[in-house]
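Notes to accompany the following structure.
Just so we're on the same page: letters track the sequence lines, and every chain starts at 1.
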Amino acid sequence: MADSPIHPPEPAYLARLNPEQRRAVETLDGPVLVLAGAGTGKTRVLTARFAHILLSGRAWPGQVLAVTFTNKAAREMAGRVAAMLDRPAEGLWLGTFHSLCARMLRRHAEAVGLKPNFTILDTDDQNRLLKQVMEAAGIDHRRWPVPAVMGHIQRFKDRGLTPDRVTPAEADSDFAGGKLIELYRDYQARLLAVNAADFGDLLLSVTELLRTDAAVLADYHRKFRFILVDEYQDTNLVQYLWLRLLAQGSKNICCVGDDDQSIYSWRGAEIENILRFEKDFPGAAIIRLERNYRSTAPILAAASHLIANNEGRLGKTLRAAGNDTAGEKVQVLSLWDSDEEARAIGGRIEQFRRDGEQLSEIAVLVRAGFQTRAFEERFVAIGIPYRVVGGAKFYERQEIRDAMAYMRVLHQPADDLAFERIINLPRRGIGDTTLRTFHAHARAHRVPLYATAEALAPSQKGRVREALGELLRNFTRWREQIAGAGHVATVAAMLDESGYTDMWKNDKSPEAPGRLENLRELVRALADFENLAGFLEHVALVMENDEAADGERVSVMTLHAAKGLEFDTVFLPGWEEGLFPNQRALDEGGGRALEEERRLAYVGLTRARRRATISCAANRRIYANWQASIPSRFIDELPEDQIMRIGAEAARRAHAVSAPSWFVPGQRPGRLIEAGAWETAARPARDDALAVGDRVFHQKFGYGRVTLVDGEKVDVSFEKAGEKKLLDRFLEKA
DNA sequence: CGTCGTCTTATTTTT
DNA sequence: TAAGACGACG
């Protein structure tokens with residue numbers, strides 16, 4: 001690199017950007033939408049833009065609002081911005097929608113009827129609270145499951161609808177006996193009563209405040225000169241409203257996203273937000289990032305071809321930026337059943353391992369959680385280290401939630417849900433009857449349970465009075481202790497002196513030692529925070545799976561969990577009609593849902609750098625019995641010249657194409673797929689077409705009669721197994 | 001208050 | 001099939 005004497009050296013953060021990326025970084029004024037395809041350097045653009053705003057002197061760190069969906073993304077951005085600035089970035093308004101809103105809401109808590117130390121409830125607490133509300137309203141929670149009612153309430157919140165804003169037409173009139181709005185209203189009242197907010201409230205309350213309080217809004221307008229938003233395609237309506245309100249000030253809002261990766265509609269995300277951007281923000285610059293630095297040409301071609309089947313896209317075509325235009329074709333494996341699928345994939349991974357590939361660069365991405373099981377079993381059997389990403393979280397464990405409840409009561413005595421959880425834990429002889437009395441009293445006098453307990457303790461009888469008195473005295477003492485001894489020592493003392501630790505020490509179950517270890521870990525984590533409030537906020541909003549990405553393991557996870565990740569080698573099993581695209585999704589969401597499923601497939605494919613292998617099984621065990629399945633329509637939407645079909649699918653194509661395309665020169669099929677798989681692979685398409693009424697035999701389902709023929713897909717009514725849709729080649733004429 | 005048995009239900013879950 | 005939730009019962 002020769003130094004130019006004329007031009008000053010470019011800042012490092014601009015130097016390695018391509019022209020589009022550079023435009024996305026340097027277009028600072030006015031609204032900007034950056035359509036960033038998978039692997040096109042989105043994060044680099046976002047952080048470079050952030051750095052550019054600061055280093056060009058356009059704003060101080062505290063004048064930039066940077067919003068992400070995940071804590072991980074926020075952390076990453078913070079780290080990279082700090083690195084670019086060459087100093088720790090302080091005073092940033094950088095975080096998730098929820099953490100930023102929590103920060104705002106604590107400042108303005110009184111304005112919405114909360115105290116600044118309000119508790120942020122998790123799903124479990126939400127449901128418990130709603131259940132109480134439903135019981136009070138006389139709604140049978142068996143007929144109308146609590147999570148379902150909660151789902152409706154959440155959807156209202158996602159759409160920025162307070163109970164007052166919900167029109168009766170929008171509340172499904174039969175649902176919950178027509179009392180949905182009423183339940184919503186009661187639930188919100190209960191939240192205020194226990195000084196708590198749920199996740200949805202964080203956004204809803206702040207947005208409502210910005211909508212109705214011009215002074216507060218003007219304050220934030222003065223404050224934020226630039227707004228940056230990541231993953232814009234996943235915003236829901238209330239998040240959009242929140243952003244739009246805040247952006248009315250400076251108009252400098254930059255949203256980065258990819259409409260083709262919108263996969264969270266079922267959580268309230270509205271892909272329309274990104275599709276409508278130009279209308280919502282007039283004069284917006286639209287910048288497309290289409291140079292993909294991640295995947296090989298065949299993978300990109302497959303992904304692009306597939307996603308082109310969607311309508312209503314903003315339209316972008318990924319191009320390979322690197323010179324790696326060679327690359328292996330995407331393999332499409334057809335297998336007999338799900339066990340064979342696990343064996344085949346396990347076998348290939350073993351081969352990769354022998355070839356010296358890193359297991360941490362291999363991922364199995366499934367549509368639904370239950371699919372992981374077959375892989376786990378297989379990997380255990382053949383000794384492949386793996387990790388299932390997602391699953392039970394640290395803070396969802398019972399002992400952690402219990403300990404958290406103690407801390408919540410310590411910090412915020414009005415937290416009824418927390419108090420209820422620990423009042424008799426460990427057992428203190430304070431049973432249902434006592435609690436019911438307290439509830440009645442609390443409700444009647446509109447005071448928290450804790451205050452009720454204090455008021456009623458002296459009038460209780462013997463054991464209850466003693467135990468309750470001791471607990472309450474202890475809490476008073478612990479609260480006094482915090483100032484002197486500090487929150488870490490106090491919490492440690494609280495867990496011991498309350499008898500909670502002993503409860504687990506005396507527990508003989510095999511999990512008990514682990515739980516004690518988790519509790520110690522929790523207390524250790526407490527030391528990272530200045531005070532209890534900070535820690536509680538962290539756990540509610542930020543704490544995530546502490547599974548360190550340790551060592552050499554294959555990752556197994558859902559497609560949703562894989563968004564944002566990349567691997568050299570990606571396996572995509574279960575591409576079958578019904579599973580993927582998922583029948584249930586289709587039933588609920590129709591054509592829109594199909595497009596979202598397709599986007600999910602697109603996300604899956606674009607996770608792969610070098611190799612992608614799709615597979616489908618002809619038989620899958622779902623619940624009790626075997627289901628026949630036919631290959632996913634998405635397989636037929638792949639570009640034939642970029643894929644290599646192996647197995648029954650190949651045999652089928654072999655009819656149309658002259659050479660048997662499953663034959664890989666120089667590679668014996670037996671090595672490529674296991675013997676069992678070869679059975680399937682070798683099974684040719686049938687040349688004697690079946691007709692309606694034919695009696696047929698199937699290996700798993702026995703005898704049946706053909707009821708419908710659609711090319712090679714036939715419906716059969718089996719004598720024992722009932723109606724099935726399957727490929728004709730698995731049937732024999734009987 | 002705890003245990004046992006029955007019933008239900010089974011996609012995805014960034015916060 | 002299998003796990004989790006809930007209610008009845010001891």
Side-chain angles (χ1 to χ4, degrees), chain A residues 67-76 95-102 120-124 126-127 131 140-143 145-148 150-151 154 157-158 197-204 230-236 238-239 257 261-269 365-373 389-393 395-396 424-435 537-545 557-565 574 578-589 593 596-597 599-601 603-604 621-627:
Chain A
V67 198
T68 64
F69 270 87
T70 65
N71 293 300
K72 195 176 157 207
R75 230 177 14 243
E76 199 177 316
T96 62
F97 277 100
H98 293 87
S99 68
L100 292 166
C101 281
I120 297 166
L121 298 187
D122 63 21
T123 318
D124 218 66
Q126 288 178 44
N127 286 332
K131 192 172 169 187
D140 181 4
H141 69 267
R142 302 184 59 175
R143 170 117 190 264
V146 176
M150 184 53 78
Q154 294 296 354
K157 294 186 178 183
D158 289 343
D198 66 22
F199 281 114
D201 286 331
L202 296 175
L203 274 137
L204 181 66
D230 191 15
E231 306 276 21
Y232 188 63
Q233 78 283 351
D234 287 332
T235 50
N236 60 34
V238 71
Q239 288 161 340
Q261 292 189 64
S262 166
I263 55 175
Y264 281 104
S265 73
W266 49 275
R267 285 200 81 187
L365 309 182
V366 297
R367 175 62 180 86
F370 71 84
Q371 290 173 264
T372 61
R373 206 178 134 179
V389 178
K393 298 180 173 101
Y395 57 85
E396 281 171 1
N424 197 32
L425 190 86
R427 307 233 167 276
R428 301 187 172 93
I430 303 167
D432 257 3
T433 327
T434 313
L435 204 54
E537 184 96 340
H538 173 80
V539 173
L541 289 175
V542 184
M543 200 157 159
E544 37 200 337
N545 274 357
M557 68 186 100
T558 63
L559 288 159
H560 284 90
K563 196 171 77 154
L565 305 178
L579 179 58
F580 191 38
N582 187 274
Q583 189 56 49
R584 230 178 126 147
L586 264 37
D587 290 345
E588 280 168 27
E596 180 149 320
E597 294 286 302
R599 290 193 290 271
L600 205 44
V603 167
R621 200 147 112 178
I622 293 181
Y623 315 135
N625 47 3
W626 286 94
Q627 293 291 149

- Query: When you match A:Glu596 and A:Phe69 each to their closest nucleotide on DNA chain B, which lands nearer the 5' end?
  - Reply: A:Glu596

- Message: Can a donor-acceptor pair be found, under 3.5 Å and without considering hydrogens, that links the side chain of A:Asn127 to the backbone of A:Asp124?
- Response: no

- Message: Side-chain N or O of A:Asn582 versus OP1/OP2 of B:dT12: is the shortest distance under 4.0 Å?
- Response: no

- Whole angstrom is fine here: how far is it from CE in A:Met150 over to C1' in B:dT13? 15 Å

- Does OP1 or OP2 of B:dT11 have a side-chain N or O of A:Arg584 closer than 4.0 Å? yes

- A:Met557 vs A:Leu365, side chain to side chain contact (heavy atoms under 4.5 Å, CB included): CA-CA, chis, key distance, verdict: CA-CA 5 Å; A:Met557 68 186 100; A:Leu365 309 182; 3.6 Å; yes

- What does A:Tyr264 touch in the nucleic acid at a heavy-atom separation under 4.0 angstrom: a base, only the sugar-phosphate, or nothing? base

- Quickly work out the A:Gln371 CD to C:dT1 P distance and round it to whole Å. 21 Å

- Taking the side chain of A:Arg367 as its heavy atoms from C-beta onward, which of B:dC1, B:dT15, B:dT11 lies nearest to it? B:dT11

- From A:Thr123 atom OG1 to A:Gln154 atom CD, the distance as rounded to the nearest 0.5 Å: 8.0 Å

- Item | Rounded interatomic separation in angstrom, taking CG from A:Asp198 and C1' from B:dT13 | 15 Å

- Message: Does B:dT15 have its OP1 or OP2 closer than 4.0 Å to a side-chain nitrogen or oxygen of A:Thr70?
- Response: no

- N or O in side chain of A:Asn236 less than 4.0 angstrom from B:dT14 OP1/OP2: no

- Can you tell me how far C1' of B:dT15 sits from CG of A:Asp230, to the nearest Å? 15 Å

- Going by atom types alone, do A:Gln583 and A:Asp587 pair a side-chain donor with an acceptor below 3.5 Å? yes

- Task: Pick the P atom in C:dA5 and in B:dT12, then give their distance to the nearest Å.
- Result: 16 Å

- Query: Between C:dA2 and B:dT13, how far is it from one P atom to the other, in whole Å?
  - Reply: 23 Å

- Query: Nearest-Å distance, CZ (A:Arg373) to C1' (C:dA2)?
  - Reply: 8 Å

- Message: Nearest 0.5 angstrom please: A:Leu559 CG to A:Ile263 CD1, how far?
- Response: 7.5 Å

- Query: Given A:Asp234, which of A:Lys563, A:Arg599, A:Arg267 fulfils the salt bridge (Lys or Arg N to Asp or Glu O under 4.0 Å) condition?
  - Reply: A:Lys563

- Message: Using a heavy-atom cut-off of 4.0 Å across all strands, would you classify A:Ala585 as base, sugar-phosphate, or nothing?
- Response: base

- Query: Stacking check: are the rings of A:Trp266 and B:dT12 less than 5.5 Å apart at their centres and under 30 degrees in tilt?
  - Reply: yes

- Message: From CG of A:Leu600 over to P of B:dT14, roughly how many Å is that when rounded to an integer?
- Response: 14 Å

- Task: Write down the distance between NE2 (A:His560) and C1' (B:dT14), rounded to a whole number of angstrom.
- Result: 10 Å

- Which residue lies toward the 5' end of DNA chain B, A:Ile263 or A:Arg428, if each is placed at its nearest nucleotide? A:Arg428

- Query: Just checking A:Glu588: base, sugar-phosphate only, or nothing, at a heavy-atom cut-off of under 4.0 Å?
  - Reply: base

- Would you indicate what A:Asp234 reaches in the nucleic acid, counting non-hydrogen atoms under 4.0 angstrom: base, sugar-phosphate, or nothing? base

- Whole-Å distance, A:Asn127 CG to B:dT13 C1', equals 13 Å

- Message: Applying a 4.0 Å non-hydrogen cut-off, can you work out what A:Gly200 is touching in the nucleic acid: base, sugar-phosphate, or nothing?
- Response: nothing

- Message: Can you identify which nucleotide, out of C:dC6, B:dT12, B:dT15, has its nearest atom closest to the A:Thr558 side chain?
- Response: B:dT12

- Is there a donor on the side chain of A:Arg621 or the base of C:dT1 sitting less than 3.5 Å from an acceptor on the other? no

